Amino acid sequence: MPELAEVEFFRKRWAQAATGQRVVRVLTHDTKKILRGVDLPALRGAITGATLKVSAARAKQMAFRFSGGAWLGIHLGMSGELFVKPANYTPEKHDHLVLLTARHALVFKDPRMFGGVEFHLGSEPPRWWTKIAPAISSEAFTIEAVAAFLRRRARAPIKAVLLMQERFPGVGNWMADEILWRAAIHPTRQAGSLRPAEVRALWRECRSVARRALATIAGRGDYLPPDLNAHIPRSWLFWHRWEDGGRCPKTKKPLARATIGGRTTCWSPARQKRVARAASPHPKKQASRPRSR
DNA sequence: GTATTTGTTGTTGC
DNA sequence: TGCAACAACAAATA
């Protein structure tokens, strides 16, 4: 499940319950996969008795910082989730890491075990945190940077390129489809074949989808939605991409599905054409984008 | 029993 | 060298 906004949702869930709280105990399970490469005794020693100070999410990575200079990194992989349970919670089969505070159990559950945990002790941020590309919402995410990246990946399908974390940090399968659908670009188009107007549309929709996904999925300020999808509008491709006989929310025409770039991809053939639209002397009016708020 | 899954990494081959 | 494609990782679900 977890892409950019879902990761922030889960981070916030732990942060709301435990920021400022002391960890009294650390439980671990299945050290072979999720916790591979982690110095468990060091992690346990540093985090037991430490207080959760601050946390942040970048792309699909989370960092929880504790007193004493301990950094706990969590990547949810394909099926990972974070929960907050009562302190007397009994860990279940796929609960790989559980932090106990006086009142809560912070649970990292991951059935498929593609996720991972990182640990670092020190005042300097660890490499697994600093190496993450600048956020899509940052000023560094410019049209020029996107255009240059598309040139370098000129022969790959644009869908595959959008999944590359080095330039589109946090974008996963559904966000990539949502972005292409809104930008009206066919997912198999070669990245290098996009016209300047299409590159601009792609850039704009990257920023728009990232911003709106964060606002609707992870909430604003202190507010955390009751569940991940509670506020996602029906007008997004999101809700229709897996539906049998699903229809494009914009054109009402049938959606198509195929494996592109190794991932199941959903698009609207009526809206996303295989070839670039010819330049028009009367550019189509922009799809309405209420800039409210 | 088969095919599917919203992620990442290592390998292979061009 | 750089890039693109693909298998592998593991387990639940339909």
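Each chain gets a letter, A, B and so on, in the order its sequence line appears, and its residues count up from 1. This structure is a prediction, so every number in the text was calculated from the model and none was measured.
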So what does A/Gly172 touch, heavy atoms closer than 4.0 Å: a base, only the sugar-phosphate, or nothing?
sugar-phosphate

For A/Thr188, does its backbone N or O pair with a side-chain atom of A/His186 as donor and acceptor, under 3.5 Å?
yes

Compare side-chain N and O positions of A/Arg155 against OP1 and OP2 of C/dC3 and report whether any pair is under 4.0 Å apart.
no

Check whether any side-chain N or O of A/Gln272 sits under 3.5 Å from a backbone N or O of A/Trp267 as a donor-acceptor pair, and report yes or no.
no

Contact class for A/Ala160 vs. all strands (heavy atom < 4.0 Å): base, sugar-phosphate, or nothing?
nothing

Distance check: side-chain N/O of A/His94 vs OP1/OP2 of C/dA10, anything under 4.0 Å?
no

Using 30° and 60° as the class limits, which term best fits the ring planes of A/Trp71 and A/Trp128: parallel, tilted or perpendicular?
perpendicular

Rounded to whole angstroms, how far apart are CG on A/Leu162 and P on B/dT8?
14 Å

Using only side-chain N and O atoms of A/Lys93, determine if any of them is under 4.0 Å from OP1 or OP2 of C/dA12.
yes

Side-chain heavy-atom pair A/Pro2, A/Lys60 within 4.5 angstrom cut-off
no

Just the rounded figure in Å: distance from C1' of B/dT8 to CD of A/Glu3.
13 Å

Any donor-acceptor pair under 3.5 Å from A/Asp177 side chain to A/Trp174 backbone
no

Rounded to whole angstroms, how far apart are NZ on A/Lys109 and C1' on C/dA12?
13 Å

d(CD1, A/Ile158; P, C/dA5) in whole Å
13 Å

side-chain N/O A/Arg263 vs B/dT6 OP1/OP2, d < 4.0 Å
yes

A/Met164 CE to C/dG2 P: how many Å, rounded?
15 Å

Check for me: is A/Phe114 stacked on B/dT8 by the 5.5 Å centroid and 30° plane-angle rule?
no

Which is more 5' along DNA chain C, the nucleotide nearest A/Val161 or the one nearest A/Met113? Just name the residue.
A/Val161

To the nearest Å, give me how far apart CG (A/Leu76) and P (C/dC9) are.
22 Å

Output yes when at least one side-chain N/O atom of A/Gln165 is less than 4.0 Å from OP1 or OP2 of B/dT8, else no.
yes

Can you tell me if the side-chain N/O atoms of A/Lys33 get under 4.0 Å from OP1 or OP2 in C/dC9?
no

Would you kindly give the CD1-to-P distance between A/Ile34 and C/dC9, to the nearest whole Å?
16 Å

Once you apply the 3.5 Å cut-off to both distances, tell me the Watson-Crick or G-U wobble partner of B/dT6, or none.
none

Flag this pair as yes if the NZ/CZ of A/Lys12 is under 6.0 angstrom from the six-membered ring centre of A/Phe9 and inside a 45 degree cone about the axis; otherwise no.
no

If you only use heavy atoms from C-beta on, which nucleotide in B/dT8, B/dT6, C/dA5 is closest to the side chain of A/Lys60?
B/dT8

Give a yes/no on whether any side-chain N or O of A/His75 is located under 4.0 angstrom from OP1 or OP2 of B/dG7.
no

Just how far, in rounded Å, is C1' of C/dA11 from NE2 of A/His29?
14 Å

Can you tell me if A/Arg152 touches the phosphate of C/dG2, counting only side-chain N or O atoms and a distance under 4.0 Å to OP1 or OP2?
no

